[in-house]
Amino acid sequence: MRAKSWSDYQKDIADDRYYYARSCIRQNFFPGSEKAFLEILQRDLGKDIFDDPAHSSCTGIGYHSDVVPLETIMTVVARQFALMSEAGYENFVTSCITSFGIYTEILSTWEEFPETEERTRENLFKATGREFAKPKSLAHTSDVIFHFREEIAARAKRRLVDSMTGEPLKVVEHIGCHYAKIFPKSGIGGSEFPYVLAGMIESWGGECVDYPERRHCCGFGFRNYLVQANRGYSVANSQKKLESMAPYHPDFIVANCPGCSMFLDKWQYTIAEMNGRTYGANGYGIPVLTYEEMAGLVLGYDPWELGMQMHQVNVEPLLDRLGVEYDPSTKYLGRNGKFIGKPASAVVNCPSQEFIYDIKL
Amino acid sequence: MERVIVIGGGVAGMKAALDLRRRGFEVTLLEKSRHLGGKVRKWHCLFPTFTSAAEVLGGLKAEVADSDIEVRLEAEVVSFDNRSVTLASGEKLACGAVVLATGFTLFDARVKEEYGYGIYDNVITSADLEEMFRNGRVALRNGERPRRVAFLHCVGSRDEKVCQRHCSKVCCVTGVKQAIEVKKLFPEADVFNFYMDIRMFGPGYEEMYREAQLSHNIHFVRGRISEASPTIDGRLQIKAEDTLTGRPLKMSVDMLVLLVGMRSNDDNVHLAEQAGVPLAPNGFFAPKDMFAGNVCSPRKGVFYAGAITAPKSIGEVLNEGSAVADAVTEYLS
Amino acid sequence: MAAINWGFAISRPRVIDVDHNNLRKSDEILLEMPELQSCIGCGACTASCTAGNLTQFNFRKVHTLVRRGEYQGAYEEMNKCMLCGKCRLLCPRGINTRGVVMLIKRKLGDF
Amino acid sequence: MTFFAPFCIPFIIGTVSLFVTIIAKWVSWVYYMPRTDRKLLRRGLFSMQTVKGVGEVVCECLLHRRIFRINPLLGYMHMSLAFGWFLLIVVGWLETVAYLGLEPVPLQGHVFFRYFATGISEHKPVFDFVMDALLLFVLSGVALAWGKRFYSRAMGMRRTTKHFLGDRVALSALWFIFPARLVAESLTCALYGGGGFLTGTIGRWMASHVNIEILQMLYEPSWWFYSCALGVFFVAMPFSRYQHIFTEIPLIFLRRYRLLPHEKASSLDKFQIQACSRCGICLDPCQLQQDLGINDVQSVYFLRDRRYNRLKLAVANNCLMCGRCEAVCPVGINLNTLRQNSRDRLRNIPDESRYKYFKGLDRSSGEGRVGYFAGCMTLLTPRTLHSMEQIFKAVGEDVWWADRDGGVCCGRPLKLSGETDSAKKMMQFNKELFYKHNISILVTSCPICLRVFREEYALRGIEVLHHSEYIARLMREGRLKLNNDGGRVTYHDPCELGRGCGIYDAPREVLSAVGELLEPKHTRENSYCCGGSLANTVIGDAQQLRLAQTMSAEFEATGAGTVVTSCPLCKKSIARGTSMPVKDLSEIVAENIAS
């Protein structure tokens, strides 16, 4: 039956020639992810994806925090599309879920209220002198990876299975709310049983975990965590999800949105510090990956290249289970071998393990 | 004497056919499926007196059997008007008047995806539960006895999201009846009924509701379940708001019973167009008027009986069965 | 590590978690007074309540919460009741509301 | 003449243990009594009350005059047992003095004189006759007692108490004493001659019909049996219902010195509790028994449970406290006060933080010398409120409305449930409110409030009136003219107004001025309770309805057109029980104001 509901929500995703719109905050949460996406598409899959230096943030963070009015964000989005058509592309791909939600929302607003589209055209022309055309297809980067999951599986160096026992890893997949909950039709699998990440996991040998709070929000919500008074709610949401998934002992969590992956990861630190409660199978916390990192691991990229040392919950236990070769000593050495500093030990990562690496430095 | 064709072999159709026959008309009873009885064949016992459905049905079937009503099973009607009925097999039957008694369709709970009907094991509908009662064996999918059962009222009724605005009125009392039956089978179990409003419209219904609370200790929680999801031990976690305390509520149950409502048949639209009769906004056939002409259609010679015009209890349906016989007699005389 | 001053605390969920609530006390109360279960939540008692007229005390909400296993603060709330008896005259289900107040205070004195 | 024989031992043991226990009990009770009560006791001892007390002791303890009023046969039974036995002892003592002069004789000597006096030759037929007459007198009582046990209706009692084991043992011992004495004395006469018309004749009959060896063989055992019966009874008495025999005496004096039970349980109550003879007279008037078949909460069982520390809340709370049993209790025990202070002991929890929300509250409206405290229940009978408004307007009285849109309850319902200290807070609040608005007259429509204003509030300088009294006064002063077409009405005496505060005539005075009053069968002191009493937090809704229905049947029987009462709670309860229109006194008055 779950498969039936997935077939109701199909989506046409372009095969090539993408215009790439980066996320404004994923760089500092998971630095390696966006670069990995470009490498996977260009180097491994040989697709044409244009990373235009001129494009800007979609200002979604401001829009959702009531700082940026609707007309302004419409004009910025129009400018993005203008850049895309100027660069000769028609398939727009966004890296961040929230901006994917923004673009879908604005496109459907223009459809429903054509007069707003006219006004945006005038604003854009007045502001930048550019004309814009609506993209032929709009997709999120996880859609693209989902679209090519079989090709990636074909090139996979390793599968999402325990290197020793060979049984599939138990993976919790969490879909950003702006992906399918606002416009169910715009997400693969709809809002009840989103399949975009589940599809990747299953085709790469992992096993999805269906826990009760699967559809619950991770607590990111700008107005939730930005204002300190509400931050307690934000952590409570993540805690509710972690509590609910704990009995299933998942090996790692994969998310397709900057906020979810960062929050599910960082809040484990806060919860551990505040309540002393950790959720991993062996009490070390559950590592959180982005789908690009997961794809990168499957394709054999080096974890530190993917920027996995920036995670709050150490990924070493997961890497060991996956049988990924990594050099522990170069964990905190930057691109040119420069020491980039080591974070203080945290309850969630259990200092004992931390201690081993100190010897080398 | 004139010939009258009754479309639909449920309790409404059978009662109409019998009464028409008693008035001397030559009656043809068409039934799409392989046997008469319609939905009541699937029920175990009926509210508010827990009389067994088979008993009520048996009586009617016996009468139809030993009357000389021409019964044609597996006869699907493609179109009809006030003087003739065309079957799927192409055959065209002429007649003096047509009585439409094709009843209703149970709402498909699959559409309410968030409750996981058809996805999780122990999410069943009131029809499934009634089936279990009829087979005399109520148990979870793994054969164990349920320790905690939740009933959810208004599934597919009074719900904009599935375009079913009307109230199907009989599912509330069915929910209370089934809750009592579950409590009788599993006295140690806890039974929770989640409702928006409890509508005990008929005679003896409110007493049954009160008895459910007092002597069976059934918990009635005012709040609509938002979603169901599986827990690690194979049970179901449901979430709702206990609106009387204004607090969200979460619990895991062994079995979730969805009280599905009555929906209009899918072929109503097509049939109505053919016959040139209007449909009500909720998709049921619209009678001439709600008072004097509630069994006649605006078009002369086309009559309605039973749940074809609106959700009804079996008592009301039987009343309409005999009422339509009067209307037809008056029309044809 | 010095105790970190977070400036916020993880907010406690307001959900009534029926699985983890200890329903023994509420079952005892319902066993001793089954008629309480026939409450349809119409609120006539709270509407006429003398104490409810002067404070936030809501008799209907408190005994419904107790029936769900939420005992926190039930005793202090019920202590606001003056036992004047108006609610008993109005209850359409004929519940012995004053008896419920005394019963809940007796059963939940230690929460 | 030796006055000791082996068979006297049980008697001696019994008597010693009886007096030791009783004295110990009384002394400890008085010792633990609150100091104020002890002061009252000392002041009362040497006052005229003591003399009057002695008179009452004779009338009540010996003659049981009050029981006669309930049923003469029942009265005779009690009198014969009590007074007869008393006389037996006194005359027996005179007999020994007559025979032996003022020589000191031990107690058993008097009681078993007939056994010891077989040796005396000369004979005093007068004493024999009197003693036999008295014995016959007591035996008649014992016979009646046996009869009552099997067919109590003959003694005017539909139901009688179900005794527990302890009482049955004492009971049977008591009933064997006098037959045993008869047998013993008759045997003595049979062997040694003498005896009065009763013992003598039986003795002679025995001598002639039964051969001598059996008589000799039976002689000693019969006295043993007599002495054992006495012994067992005396040992059991202080722990059984018969503690009443002695305890009623101090109780009568304490009541005369105004030492009555308070709202807090104290050892003073013990005098009343242990004075209850569990006679069961309080069973019949109780409506819980009559209409609802509840037969284990009545005062007799309540006092028994309390005395033996087995009192449970379910029994203590299940009482309408309507006062019907208190009105007929032959021993005059303050049953309602005891019920209330045992509820206090079971449920009262002094709590400083309670009712903090009273501070700075004032929901009253209007200004005037007359304050009108409607009462919580009256807020649910708006016609009463409206009528009182019309009456006040008609007489041009400017009125201060205390609780028209809510306020604090008078405190009595909470006190009835046993939470006395918290109820005091409500009373304190209301009292300050009354003084703040300096009213001189306080009128209320609810008898429950009236009773607490009068008994607990101590509102010096404010006259507290029920609205029936107030209306009666307005009529007497001529400020309110009423015409007389109220039609035929019947009146229900609310328990708290009638038995509670003794107001029977004011409402009747008003009603007779307004229409023709037809009294129901049970009226004034023994009027029924409407069932809606706030004192009972146990009976369910259906049970309250049944109480109202049985009472209403009597109203319908009077043939009147409307039922009038002067309590909002009664009005609501009666309205459920009958199809007749039910009106409050103020309504019928307001309808008949002569403009």
Side-chain angles (χ1 to χ4, degrees), chain C residues 28-40 42 44-59 63 73-111, chain D residues 313-314 317-318 343 346-347 349 351 353-359 361 363 375-381 403 405-419 422-423 425-426 429 446 448-449 532-545 568-569 571-573 575-576:
Chain C
E28 270 172 33
I29 288 170
L30 282 176
L31 201 64
E32 200 159 325
M33 197 167 270
E35 66 198 53
L36 181 56
Q37 189 71 315
S38 73
C39 164
I40 53 174
C42 68
C45 51
T46 307
S48 73
C49 180
T50 321
N53 190 6
L54 311 169
T55 65
Q56 294 301 320
F57 172 56
N58 179 335
F59 171 68
H63 83 69
Y75 182 77
E76 288 69 27
E77 277 299 303
M78 283 302 190
N79 252 347
K80 292 182 179 153
C81 160
M82 298 191 231
L83 231 58
C84 72
K86 282 175 78 175
C87 46
R88 179 151 196 199
L89 283 182
L90 295 167
C91 176
R93 287 299 228 205
I95 295 170
N96 175 2
T97 49
R98 300 172 75 243
V100 168
V101 170
M102 292 162 65
L103 176 64
I104 287 180
K105 275 165 63 171
R106 182 157 51 90
K107 290 280 177 188
L108 299 179
D110 46 13
F111 263 83
Chain D
L313 259 180
N317 283 344
N318 195 353
R343 287 183 182 180
L346 287 170
R347 293 201 68 248
I349 299 164
D351 175 357
S353 67
R354 197 161 178 198
Y355 298 135
K356 277 270 187 295
Y357 61 87
F358 284 171
K359 237 159 65 55
L361 195 68
R363 287 291 182 92
C376 300
M377 295 297 162
T378 319
L379 299 176
L380 292 178
T381 54
D403 62 348
D405 55 6
V408 171
C409 168
C410 67
R412 182 158 166 78
L414 193 65
K415 180 163 186 257
L416 287 177
S417 83
E419 298 174 29
S422 309
K425 290 200 169 117
M426 295 152 80
F429 169 81
C446 169
I448 302 170
C449 306
S533 159
L534 294 179
N536 191 314
T537 53
V538 172
I539 58 172
D541 190 64
Q543 293 167 307
Q544 284 183 331
L545 180 61
L569 196 51
K571 179 183 174 193
K572 280 233 182 263
S573 309
R576 291 179 77 198

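Just so you know, these numbers come straight off a predicted model, no measurement behind them.
C:Ile95 does not touch chain D: none of its heavy atoms, backbone or side chain, sits under 4.5 Å away. Looking at C:Asn79, both its backbone and its side chain come within 4.5 Å of chain D, counting heavy atoms on both sides. Using a 4.5 Å cut-off between heavy atoms, C:Arg88 touches chain D through its side chain atoms alone. Proximity to chain C is limited to the side chain of D:Leu380, based on heavy atoms less than 4.5 angstrom apart. When heavy atoms are compared at a cutoff of 4.5 Å, C:Leu54 approaches chain D by way of both its backbone and its side chain. When heavy atoms are compared at a cutoff of 4.5 Å, D:Arg576 does not approach chain C at all. Only the side chain of D:Leu361 has a heavy atom closer than 4.5 Å to any heavy atom of chain C. With a threshold of 4.5 angstrom between heavy atoms, D:Ile349 approaches chain C through side-chain atoms but not through N, CA, C or O. The part of D:Asn317 that comes within reach of chain C is its side chain, from C-beta onward, which places non-hydrogen atoms under 4.5 angstrom from that chain. Interface residue D:Leu313: only side-chain heavy atoms are found under 4.5 Å from chain C.
The candidate from D:Ser353, D:Cys409, D:Cys376 with the greatest count of non-hydrogen atom pairs under 4.5 Å with chain C is D:Cys376. Considering only heavy-atom pairs separated by less than 4.5 Å from chain C, the leading option among D:Val408, D:Asp351, D:Asp403 is D:Val408. When each of D:Leu379, D:Leu414, D:Leu569 is scored by its heavy-atom pairs under 4.5 Å with chain C, the top score falls to D:Leu414.
In plain terms, the two heavy atoms of C:Leu89 and D:Met377 that are nearest each other are CD1-SD, 3.2 Å. Considering all non-hydrogen atoms of both residues, C:Gly94 and D:Asp541 come closest at O-CB, 3.3 Å. Pairing each heavy atom of C:Cys81 with each of D:Arg354, the nearest pair is O-NH2, 3.3 Å. Nearest approach of C:Met102 to D:Thr537, heavy atoms of both residues: SD-CG2, 3.4 Å.
You'll find the side chain of D:Tyr357 stays beyond 4.5 Å of the side chain of C:Gln56, heavy atoms only. Residues C:Asn53 and D:Arg363 have side chains in contact (heavy-atom distance under 4.5 Å, counting atoms from C-beta outward).
Here the straight-line distance linking atom CE of D:Met426 with atom CE of C:Met82 works out to 5.5 Å at 0.5 Å rounding.
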